[in-house]
Amino acid sequence: MSTQSQQQKKPQFEDEEEDNELLHSDSETIPFSSPFAKQSAVLEDENAEFVYAAKDKVQIFDVESAGSGGAGSMVVPPFSWKKLWLFTGPGLLMSVAFLDPGNLEGDLQAGAIAGYSLLWLLVWTTIMGGLLQVLSARLGVATGRHLAELCREEYSNWARYVLWIMAEMALIAADIQEVIGSAIALKILSHGILPIWAGVVITAFDCFFFLFLENYGVRKLEGVFAVFIGTMAFSFAWMFFDTKPSEEELIKGILIPRVNSKTLRQAVELIGCVITPHNVFLHSALVQSREIDIRNKGQVQEALNYYTIESSVALFITLVINLFVITVFARVFYGTEQANGIGLVNAGQFLQEKYGGGLFPILYIWGIGLLAAGQSSTITGTYAGQFITEGFLKLNIKKWLRSLITRSCAIVPTMIAAIVFNTSESSLDTMNEWLNVVQSIQIPFALIPLLTLVSKEEVMGTFRIGPIVERVSWCVAVLVIMVYGYMLLGFFLSEVKGLLFGFLVCIGFVAWISFIAYLVKHGGALSSIMVRPPTSRGFTLTTNN
């Protein structure tokens with residue numbers, strides 16, 4: 001090598017030495033080429049952007065000194081109820097997406113049309129959704145960044161913008177359903193005085209009030225969500241015990257898989273309601289509300305253990321609430337003339353006609369539960385919108401302005417939809433079907449990037465998922481995408497009329513399949529699943545003394 005070449009190489013070598021020196025923590029060196037080295041560099045950058053400011057994060061590891069070792073430490077202290085309590089919160093916000101008004105409508109229609117026969121599917125769908133949410137949390141904890149940020153770095157510019165646009169469209173569609181669900185609840189509770197559009201305006205602005213609570217600490221906002229979920233649990237449990245569903249049919253519905261041609265559509269919609277694209281993005285950001293040193297592997301593993309527990313408990317609660325709703329409507333409406341025409345708007349009135357006033361009219365119990373579902377899901381929708389926009393576009397603006405922009409993007413279409421579709425219950429049902437289509441189109445563009453990133457060692461380091469979990473996760477993703485694809489196919493076959501519209505749908509379908517193929521090929525999912533040995537590291541939920 002020439003002297004000139006050596007002189008040119010020397011500054012670069014010196015820079016690398018300086019970088020490595022910066023990555024020493026507690027006398028332990030992290031190789032610069034490792035994922036944790038890159039994460040450490042991000043942590044030491046004073047100008048680095050974070051989802052939560054340091055002052056807003058909940059302090060965890062100053063509670064107990066055990067397991068606080070140096071960088072690279074794999075020491076995981078014993079289970080602590082106090083730490084579990086401090087980690088509890090993000091799972092509550094995430095689980096609200098399993099209880100939004102769209103879910104409740106899917107539940108009540110499944111119960112009214114299919115009776116108790118689809119309860120087993122709700123259980124397994126919740127388990128599949130829980131697996132995907134745990135992986136989303138794993139990605140956020142191990143990398144210190146959320147899914148939208150990592151997508152920005154992983155994919156080329158054109159693919160990144162396509163992913164962002166699709167995520168925004170799905171979020172707007174979900175938000176319309178959530179806001180209108182709240183508006184319907186307000187109309188019920190006001191005895192029809194408040195029209196749908198007025199409820200939309202109220203819901204749009206009270207969302208900012210609840211987000212304002214975050215200024216007093218993340219735990220305050222999480223407490224509000226605990227109240228919302230508790231309200232739903234109380235309301236729907238009241239309805240459950242008031243209607244006295246069949247215990248024998250309930251147990252059979254949970255344990256015995258049953259589906260037929262008459263209930264196939266409700267089965268597909270039930271799966272589509274539970275697994276939503278924006279929630280996959282959201283959970284990877286919510287877990288960063290706790291102060292965790294991602295260079296300390298013991299802290300990361302401990303955080304993963306606690307987040308898995310609290311998310312599982314939160315999802316179990318949502319499962320019970322969804323079971324309440326399905327069984328109530330199965331008990332009251334299965335086999336009746338009203339079964340095929342029931343929806344969020346008229347469900348409360350039908351219940352009232354069946355069970356009358358009582359000590360507290362069941363119509364208002366339903367309205368309270370629906371309002372809690374709508375209000376909580378609109379807040380998480382706004383939250384998800386902030387993270388998605390900030391992550392994909394790398395916006396560096398104030399939090400209140402970011403909230404205003406992302407909220408406006410959703411509320412303007414919602415207002416238009418409320419005015420246009422507020423003519424009849426059938427028009428609201430038509431709008432809801434189109435909104436489900438928009439979300440169905442987006443789901444592969446959330447699941448494929450998630451599984452691609454959480455399987456990469458250069459992203460996750462030692463916390464990449466093991467081959468068994470990877471294969472199971474891809475099987476779940478493929479099943480979900482196929483279900484959504486079936487929904488899309490059935491919808492467009494019934495709705496497509498005219499040559500031009502059919503031609504445009506065909507072009508869109510080809511583009512959809514092509515982009516899915518691009519994402520799969522880019523991530524190398526097939527080769528990774530086939531090549532990885534079974535001895536690769538998976539994730540563990542155990543702790544060491």
- request: Please check if the side chain of Gln288 supplies one atom and the backbone of Arg145 the other of a donor-acceptor pair under 3.5 Å.
  value: yes

message: For Asn279, give me all partners under side chain to side chain donor-acceptor pair (under 3.5 Å), at least two apart in sequence or on another chain.
response: Gln133

- prompt: Counting only N and O atoms by type, is there a donor-acceptor contact under 3.5 Å from the side chain of Glu105 to the main-chain atoms of Gly102?
  reply: no

message: Could you tell me if the side chain of Leu370 sits less than 4.5 Å from the side chain of Pro101, heavy atoms only?
response: yes

message: Tell me whether Gln299 contacts the main-chain N or O of Asp293 through its side chain, where contact means a donor paired with an acceptor under 3.5 Å.
response: yes

task: Mark yes or no for whether Arg219, through its side chain, and Val58, through its backbone, hold a donor-acceptor pair below 3.5 Å.
output: no

field: Closest heavy-atom pair and its distance - Ile292, Ala303
entry: CD1-CB, 3.4 Å

query: CG/Leu270 to CD1/Ile326 distance, rounded to the nearest 0.5 angstrom?
result: 5.0 Å

query: Are any non-hydrogen side-chain atoms of Glu470 and Trp474 less than 4.5 angstrom apart?
result: yes

message: For a 4.5 angstrom cut-off between non-hydrogen side-chain atoms, does Leu286 reach Phe387?
response: yes

query: In terms of ring plane angle, is the pair Tyr306 and Phe87 parallel, tilted or perpendicular, where the classes change at 30° and 60°?
result: parallel

field: Under 3.5 Å donor-acceptor, Ser376 side chain and Ala373 backbone
entry: yes

- line: Value for CD1 (Ile317) from OG (Ser95), rounded to nearest 0.5 Å, stands at 7.5 Å

- prompt: Roughly how far, to the nearest 0.5 Å, is CD of Glu302 from CD1 of Ile60?
  reply: 9.0 Å

message: Looking at every heavy atom in both Ile388 and Ala167, which two are closest together, and how far apart are they?
response: CG2-CB, 3.9 Å

- request: With sequence neighbours excluded, tell me which residues meet side chain to side chain donor-acceptor pair (under 3.5 Å) with Gln177.
  value: Asn432, Asn436, Gln439

query: Quick one: does Ser311's side chain have a donor or acceptor within less than 3.5 Å of a partner on Thr308's backbone?
result: no

- prompt: side chain to side chain contact (heavy atoms under 4.5 Å, CB included) between Ser473 and Leu131: does it pass, once the steps are laid out?
  reply: CA-CA 7 Å; Ser473 302; Leu131 171 62; 3.9 Å; yes

Whether Ser182 side chain and Gln375 backbone form a donor-acceptor pair below 3.5 Å: yes

field: Spatial distance of atom CG (Leu108) from atom CG (Asn346) [nearest 0.5 Å]
entry: 8.5 Å

query: Are there more than 12 heavy atoms of other residues, nucleotides or ligands under 6.0 Å from atom CZ of Phe509?
result: no

- prompt: What's the spacing between Leu122 CG and Ile271 CD1 if we round to 0.5 Å?
  reply: 10.5 Å

statement: Looking only at heavy atoms, the pair that brings Met460 and Ala142 closest together is CE-CB, 3.7 Å

- request: Determine whether Val438 and Gln442 make a side-chain contact, defined as any pair of heavy atoms from C-beta on separated by less than 4.5 Å.
  value: no

task: Could you list all the salt bridge (charged side-chain N to carboxylate O under 4.0 Å, His left out) pairs where at least one residue sits in residues 268-286, not counting sequence neighbours?
output: Arg265-Glu269

message: Can you give me the closest heavy-atom contact between Ala170 and Pro277, atom names plus distance?
response: CB-CG, 3.9 Å

message: So Thr380 and Phe225, do their side chains get closer than 4.5 Å, heavy atoms only?
response: yes

- request: Report yes if the side chains of Leu171 and Phe281 come closer than 4.5 Å at any heavy-atom pair, otherwise no.
  value: no

Residues His522 and Glu154: side-chain donor-acceptor under 3.5 angstrom: yes

field: Residues Leu194, Ile202; criterion side chain to side chain contact (heavy atoms under 4.5 Å, CB included); working and verdict
entry: CA-CA 10 Å; Leu194 286 175; Ile202 294 172; 3.9 Å; yes

message: I'd like to know if the side chain of Ser136 and the backbone of Ser284 have a donor-acceptor N/O pair within less than 3.5 Å.
response: yes

message: Looking at Thr452, is its backbone amide N or carbonyl O close enough to the side chain of Ser455 to form a donor-acceptor pair, meaning the two atoms are under 3.5 Å apart?
response: no

- prompt: Is there side-chain contact between Pro90 and Tyr307, with at least one heavy-atom pair below 4.5 Å?
  reply: yes

- prompt: Would the Tyr484 and Trp512 ring centres measure less than 6.0 Å apart?
  reply: no

field: Value rounded to 0.5 Å, distance of CZ in Phe234 from CZ in Phe324
entry: 11.5 Å

field: Parallel, tilted or perpendicular, as decided by the 30° and 60° cut-offs, for the rings of Trp366 and Phe329
entry: perpendicular

Minimum-distance pair of heavy atoms, taken over all atoms of Met232 and Ala372: CG-CB, 3.7 Å

Check against side chain to side chain contact (heavy atoms under 4.5 Å, CB included), Phe463 and Val141: CA-CA 10 Å; Phe463 292 99; Val141 173; over 6 Å; no

message: Counting C-beta onward and ignoring hydrogens, is there a side-chain heavy-atom pair between Arg152 and Trp164 closer than 4.5 Å?
response: no

Set of side chain to side chain contact (heavy atoms under 4.5 Å, CB included) partners for Ala226, sequence neighbours left out: Leu92

- prompt: Does a sphere of radius 6.0 Å around CZ in Phe515 hold more than 12 heavy atoms from other residues, nucleotides or ligands, not counting ones at 6.0 Å or beyond?
  reply: yes

field: Pairs meeting criterion salt bridge (charged side-chain N to carboxylate O under 4.0 Å, His left out) with involvement of residues 436-455, two or more places apart
entry: none

Trace of the side chain to side chain contact (heavy atoms under 4.5 Å, CB included) decision for Gln301 with Leu304: CA-CA 5 Å; Gln301 184 60 61; Leu304 293 175; 4.3 Å; yes

- prompt: Among all residues two or more places apart in sequence or in another chain, which pass the salt bridge (Lys or Arg N to Asp or Glu O under 4.0 Å) test with Glu310?
  reply: none

field: Distance-minimising heavy-atom pair for Leu118 and Ala267
entry: CD1-N, 3.7 Å

Arg290 and Glu222 ion-paired at < 4.0 Å: yes

